[in-house]
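Report on the structure given below.
Nothing fancy with the numbering, it's 1 onward along the sequence.
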Amino acid sequence: MGTETPTNGKPIASGDEKVAFSPAEVEDTKHYYLGPGVVILVLSWIITLYTLWQMVEMHEMVPGKRFDRYHELGQHAFGERLGLWIVVPQQLICEVGVDIVYMVTGGKSLQKIHDLVCKDKNCKQMKTTYFIMIFGSVHFVLSHLPNFNAISGISLAAAVMSLRAN
């Protein structure tokens, strides 16, 4: 299967095969995929804004009692047990999803840094999974520090290592 240079929006592959198209044709179909993504993002933003507005409006709905957390509002609206069963699973799903995206993004960023540093050298290639685990491990250790003042030891070690590298 020989490939040719794309001309006038015709398939790149030779023969009757339609493997890939020219960049101009790809550009023409991009708007079909962009629309639903933008709609979903705007819809999620509206839902987030609405729930935040609800939280602000219901902050002191009952005199003398403040609702600072969504599960407290759920307990007030649906009862002690049912309120937790409705709100907490949704919060956990959201939190776990954000954590997964954060870890994968951090791992891929570490991999890109590794690839940039090792471009001209003979470095061993590692899987993205390993970079995700490295990123997660560092954040696991940092999350157990009591406050930001405890990170000063890490900053000192980084400063010493940067001086040592020169």
**Prompt:** Would Trp45 and Val98 show up in the same hydrophobic cluster when neighbours are defined by side-chain heavy atoms closer than 4.5 Å?
**Reply:** no
Problem - Within-4.5 Å side-chain heavy-atom neighbours: Gln90 and Tyr70 - result: no
Under a side-chain separation threshold of 4.5 Å, the hydrophobic residues clustered together with Leu92 are Leu84, Val88
For Met126 and Gln111 the tightest heavy-atom approach is O-NE2, 3.5 Å
One should read off an interatomic distance between Ile46 CD1 and Leu41 CG, to the nearest 0.5 angstrom, of 11.0 Å
Value for CG (Leu49) from OG (Ser44), rounded to nearest 0.5 Å, stands at 11.0 Å
For Phe131 and His114, take the angle between the two ring planes, folded into 0 to 90°, and tell me which bin it lands in: parallel under 30, tilted 30 to 60, perpendicular over 60. tilted
For Lys108 and Thr128, the nearest pair of non-hydrogen atoms, with its separation, is CG-CG2, 3.9 Å
Rounded to the nearest 0.5 angstrom, the CZ-CD distance for Phe67 and Gln54 is 13.0 Å
Test item: Glu72 side-chain N/O and Asp68 main-chain N/O as donor-acceptor pair under 3.5 Å: yes
- Cluster overlap Ile132 with Val96, hydrophobic side-chain contacts below 4.5 Å: yes
Discussion item. According to a hydrophobic-cluster definition based on side-chain heavy atoms being under 4.5 Å apart (Ile, Leu, Val, Met, Phe, Trp, Tyr only), do Tyr102 and Met133 belong together?
Written reply: yes
Requested in this report: Answer whether the closest heavy-atom distance between the side chains of Phe135 and Thr105 falls below 4.5 Å.
Outcome: no
OG1 of Thr129 to CD1 of Ile134, rounded to nearest 0.5 Å, is 11.0 Å
To the nearest 0.5 Å, atom CD1 of Ile113 lies from atom CG of Leu110 at 5.5 Å
The reported gap from CD1 in Ile86 to CG in Leu73 (rounded to nearest 0.5 angstrom) is 12.5 Å
